[in-house]
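Read the numbers this way: they start at 1 and go in the same order the structure lists the ligands and their atoms. When reading the values below, keep in mind they use all heavy atoms of this one structure, side chains included, and skip hydrogens, waters and symmetry mates. In this text, all values refer to a predicted model and were calculated from it rather than measured experimentally.
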Amino acid sequence: MKILVTGGAGFIGCNFIYYMLNKYPDYEIVCLDALTYAGNLKSLSVAVANPKFKFVKGSISDKDFVDRLFKSESFDIVVNFAAESHVDRSIENPFIFLETNIMGTACLLEASKKYGVKRYHQVSTDEVYGDLPLDRPDIFFTEKTNLSASSPYSASKASADLLTLAYHRTYGLPVTISRCSNNYGPYQFPEKLIPLMIMKALADESLPVYGNGLNVRDWLYVEDHCRAIDLIIHNGKVGEIYNVGGHNERRNIDVVKTVLGHLSKPESLITYVKDRAGHDLRYAIDPEKISSQLGWEPETCFDEGMKKTVEWYLENQKWVDDIKSGEYAEYARRIYGDS
Ligand code: NAD
Ligand code: TYD
């Protein structure tokens, strides 16, 4: 079995590569990644030493390059993680999101069709459903919830989902889609809420909470997401969408306080800042389908996952420091006015 993992130098992709190399020592894994600011080859340093693993640098939206890669490698399965993934950046500059998330997906779908890939899996997000009201904790996103994206990021992901389904309906490409809630865990780029707050708290810097901090996200430990994708690519039904989430809704302010608690830092570090434009209020997944049809259940509870995550960042300060010195430093100056 040969699997192409795109975006494998990013947060979830690299966790997935380690999960798969460990679980299926006979599988060959090829990682295609453009190494944007969010991609870090150092995250894959252990995988690179494995003879079953190969890294290829390139963009999923380079159609000719993608075509040549598919021709020479004959992939059985494609799992597309590659994306521009940060909502705030999509508000600043939507166009790279359209290029990578929509056109990039189109290039992968086209090559998958041309070279007879047996399964194309699109890693999507619950953000394609828009948001839920804060005063209706009884309602959740199901696979039948209408697409209603709020940000350029989520609109680009929703477009990619539609294109993926169109390749199934029109050309019979064997596709599946997973729509997961917010992930956290090792190797997450520290522009996203949890690693950003860990990083800032460790440096005794103020923790920027958008708006009133009452927006709700549904958090899942990254390994549980990897296991869900593994189940879907092996046992999922072609043409189907699977929501992935573990009923773990938290208000942002409570997540930030949890981080401070783990690091024994004072809540006085919290600073309320200007709200995000179009800020989604609440995400909450109904995982009934993947649970009943594929037997998936989350294995890591929030307390344990946060403990493991904070420990990982404490033990891997060099990984964070390397990132902080690059393009991210410039971005952080623009967004947060960091010096
Ligand atoms: P990430 O930003 O950490 O990583 C993205 C990776 O894609 C990086 O390695 C980057 O270099 C690579 N990439 C970007 N543009 C590329 C291009 N044109 N060609 C090849 N590679 C390119 O993102 P993540 O958090 O790991 O998310 C991975 C996927 O999971 C995304 O598709 C995202 O929409 C989806 N997702 C993320 C979450 C989450 O909470 N992080 C939740 C649900 C779904
Ligand atoms: P984020 O990690 O960017 O994920 P997403 O927007 O895709 O859910 O943000 C999670 C939540 O945390 C979101 O409601 C925005 C909020 N947030 C802050 O309050 N401060 C920050 O500095 C960041 C990055 C996010």
Side-chain angles (χ1 to χ4, degrees), residues 5-16 31-41 43-44 56-62 65-66 79-91 96-97 99-101 103-105 107-108 122-128 131 150-151 153-154 156-157 160-161 177-185 187-197 199-200 206-220 222 225 228-229 243-245 250-253 255-256 270-276 278-283 285 332 335-336:
V5 178
T6 69
F11 163 46
I12 308 174
C14 87
N15 277 284
F16 181 73
C31 169
L32 167 63
D33 197 295
L35 296 181
T36 68
Y37 79 93
N40 189 347
L41 210 40
S43 306
L44 288 171
V56 179
K57 184 172 185 295
S59 172
I60 58 165
S61 39
D62 182 341
F65 170 80
V66 167
V79 184
N80 180 26
F81 290 94
E84 289 292 335
S85 68
H86 190 39
V87 172
D88 293 322
R89 286 181 188 254
S90 82
I91 295 167
I96 182 67
F97 285 72
E99 177 67 23
T100 297
N101 300 0
M103 289 311 292
T105 298
C107 293
L108 293 171
Q122 177 70 8
V123 181
S124 186
T125 162
D126 60 357
E127 301 192 27
V128 299
D131 64 354
S150 316
S151 69
Y153 162 67
S154 51
S156 68
K157 293 294 291 185
D161 283 12
I177 296 176
S178 52
R179 292 180 178 153
C180 190
S181 61
N182 285 61
N183 284 210
Y184 68 101
Y187 299 107
Q188 186 166 29
F189 194 88
E191 66 184 352
K192 304 283 170 62
L193 182 71
I194 290 177
L196 180 83
M197 296 300 161
M199 199 176 85
K200 287 197 175 279
S206 62
L207 272 47
V209 172
Y210 296 163
N212 59 13
L214 299 181
N215 302 57
V216 170
R217 296 294 183 264
D218 185 358
W219 294 97
L220 186 73
V222 63
H225 186 189
I229 295 172
N243 281 357
V244 185
R250 313 262 157 169
R251 299 184 310 179
N252 291 342
I253 188 65
V255 171
V256 172
I270 294 172
T271 318
Y272 291 93
V273 299
K274 189 169 168 280
D275 209 355
R276 171 186 280 172
H279 198 173
D280 279 336
L281 293 172
R282 170 177 169 248
Y283 302 145
I285 283 278
I335 296 285
Y336 300 113

**Request:** State the atoms of ligand 1, each with its element, that fall below the 4.0 Å cut-off from a heavy-atom position in N182.
**Result:** 40 (O)

**Prompt:** Are any of the N/O atoms in F189 less than 3.5 Å from those in ligand 1?
**Reply:** no

**Asked** With a 4.5 Å heavy-atom cut-off, do L193 and Y210 have their side chains touching?
**Response** no

**Asked** At a 4.0 Å threshold, what atoms of ligand 2 neighbour a non-hydrogen atom of H279?
**Response** 13 (C), 14 (O), 15 (C)

**Prompt:** What atoms of ligand 2 come closer than 4.0 angstrom to any heavy atom of H86?
**Reply:** 3 (O)

**Message:** Give the atom numbers and elements of ligand 2 that come within less than 4.0 Å of a heavy atom of V209.
**Reply:** 19 (O)

**Prompt:** If you round to the nearest 0.5 Å, how far is CG of D218 from CG of N183?
**Reply:** 10.5 Å

**Request:** Check each heavy atom of L196 against ligand 2 and say whether those closer than 4.0 Å belong to the side chain, the backbone, both or neither.
**Result:** side chain

**Request:** Using heavy-atom distances, let me know which of N252, I253, V87 sits nearest atom 16 (C) of ligand 2.
**Result:** N252

**Fill in**
One finds that the ligand 1 atoms under 4.0 Å from a non-hydrogen atom of L35 are 11 (O)

**Request:** Just need the protein heavy atom nearest to atom 3 (O) of ligand 1, so name the residue and atom and give the distance.
**Result:** F11 N, 3.1 Å

**Fill in**
Tightest non-hydrogen contact, residues G245 and S181, listed as CA-OG, 3.8 Å

**Request:** Report yes if the side chains of D131 and R282 come closer than 4.5 Å at any heavy-atom pair, otherwise no.
**Result:** no

**Message:** Considering non-hydrogen atoms of the protein only, which is the closest contact for atom 18 (N) of ligand 1, and what is the distance?
**Reply:** S59 OG, 3.0 Å

**Item:** I270 and I253, any side-chain heavy atoms less than 4.5 Å apart
**Value:** yes

**Asked** Is the backbone N or O of I285 less than 3.5 Å from a side-chain atom of D126, with the two atoms forming a donor-acceptor pair by type?
**Response** no

**Request:** Check ligand 1 against S124 and write out every atom of the ligand that is under 4.0 Å from a heavy-atom position of the residue.
**Result:** 43 (C), 44 (C)

**Item:** Flag, side chain of N215 to backbone of D280, donor-acceptor distance under 3.5 Å
**Value:** yes

**Message:** Is there a side-chain contact between V123 and I12 in this structure, where contact means two heavy atoms from C-beta onward sitting under 4.5 Å apart?
**Reply:** no

**Item:** contact_flag Y283 ligand 2 heavy-atom lt 4.0 Å
**Value:** yes

**Prompt:** Are the side chain of T6 and the backbone N or O of A82 linked by a donor-acceptor pair below 3.5 Å?
**Reply:** yes

**Request:** For ligand 2, note which part of E127 has a heavy atom under 4.0 Å away: side chain, backbone, both or neither.
**Result:** side chain

**For D161, all residues meeting salt bridge (charged side-chain N to carboxylate O under 4.0 Å, His left out), sequence neighbours excluded** = R179

**Item:** ligand 2 N/O within reach of D88 N/O, cut-off under 3.5 Å
**Value:** no

**Prompt:** Does a side-chain heavy-atom distance below 4.5 Å link Y283 with V216?
**Reply:** no

**Request:** Considering heavy atoms of the protein only, find what lies nearest to atom 35 (C) of ligand 1 and give residue, atom and distance to 0.1 Å.
**Result:** V123 CG1, 4.0 Å

**Prompt:** Which is it for R217 and Y184 under the side-chain hydrogen bond (donor to acceptor under 3.5 Å, both in side chains) test, yes or no, and what are the steps along the way?
**Reply:** CA-CA 11 Å; R217 296 294 183 264; Y184 68 101; over 6 Å; no

**Message:** Please list, in number order, the atoms of ligand 2 under 4.0 Å from a heavy atom of E191.
**Reply:** 24 (C)

**Asked** What atoms of ligand 1 come within less than 4.0 Å of a heavy atom belonging to A9?
**Response** 9 (O)

**Asked** Got a second to check how far M103's CE is from S156's OG, nearest 0.5 Å?
**Response** 13.0 Å

**Prompt:** Got the closest protein heavy atom to atom 42 (C) of ligand 1, with its distance?
**Reply:** S181 O, 3.3 Å

**Request:** Drop me the distance from L196's CG to L207's CG, to the nearest 0.5 angstrom.
**Result:** 7.5 Å

**Prompt:** Who gets closest to atom 11 (O) of ligand 1 by heavy atom: I96, D33, I229?
**Reply:** D33

**Asked** Hey, which atoms in ligand 1 end up nearer than 4.0 Å to a heavy atom of G7?
**Response** 6 (C), 7 (O), 9 (O), 12 (C)

**Item:** Heavy-atom nearest neighbour in the protein, as seen from atom 10 (C) of ligand 1, with distance rounded to 0.1 Å
**Value:** T36 OG1, 3.3 Å

**Message:** If you define the side chain from C-beta out and look only at heavy atoms, does anything of D33 sit under 4.5 Å from V5?
**Reply:** no

**Message:** Under 3.5 Å between any N/O of Y153 and any N/O of ligand 1: does that happen in this structure?
**Reply:** yes

**Nearest neighbour in protein (non-hydrogen) for atom 40 (O) of ligand 1** = N183 N, 2.8 Å

**Prompt:** Does ligand 1 have an atom that lies less than 4.0 angstrom from a heavy atom of C180?
**Reply:** yes

**Asked** Among all protein non-hydrogen atoms, which one is nearest to atom 21 (N) of ligand 1, and what is the separation to 0.1 Å?
**Response** A34 N, 3.1 Å

**Fill in**
Within 4.0 Å of some non-hydrogen atom of G58, the atoms of ligand 1 are 19 (N), 20 (C)

**Prompt:** Would you say ligand 2 has an N or O under 3.5 Å from any N or O of K192?
**Reply:** no

**Message:** Could you tell me if the side chain of V222 sits less than 4.5 Å from the side chain of Y187, heavy atoms only?
**Reply:** no

**Request:** Indicate yes or no for a side-chain donor-acceptor contact from S178 to the backbone of C180 under 3.5 Å, with no hydrogens or angles considered.
**Result:** no

**Message:** To check your reading of the model: name the closest protein heavy atom to atom 38 (C) of ligand 1, its residue, and the distance in Å.
**Reply:** I12 CD1, 3.6 Å

**Message:** Quick one, Y153 and R89 - any side-chain contact, counting heavy atoms below 4.5 Å?
**Reply:** no

**Request:** With heavy atoms of K157 as the reference, note each atom of ligand 1 found under 4.0 Å away.
**Result:** 31 (C), 32 (O), 33 (C), 34 (O)

**Item:** Atom pair OH/CD of Y37 and E191 - distance to nearest 0.5 Å
**Value:** 3.5 Å

**Atom indices of ligand 2, in the order listed, that fall short of 4.0 Å to a heavy atom of R276** = 3 (O), 5 (P), 6 (O), 9 (O), 13 (C), 15 (C)

**Request:** Please could you name the atoms of ligand 1 that A82 approaches to less than 4.0 Å, counting only its heavy atoms?
**Result:** 7 (O), 20 (C), 21 (N), 22 (C)

**Asked** With respect to atom 5 (C) of ligand 1, which of S178, A83, S85 exhibits the smallest heavy-atom separation?
**Response** A83

**Complete:** The option among L193, N183, N182, V216 carrying the non-hydrogen atom nearest to atom 4 (O) of ligand 2 is N182

**Message:** Out of Y153, W219, F189, Y210, who is nearest to atom 17 (N) of ligand 2 when you count heavy atoms only?
**Reply:** Y210

**Request:** Report the member of F81, Y37, W219 with the shortest heavy-atom distance to atom 28 (C) of ligand 1.
**Result:** F81

**Partner residues of T100 under the side-chain contact (heavy atoms from CB on, under 4.5 Å) criterion, sequence neighbours left out** = I60, E84, I96

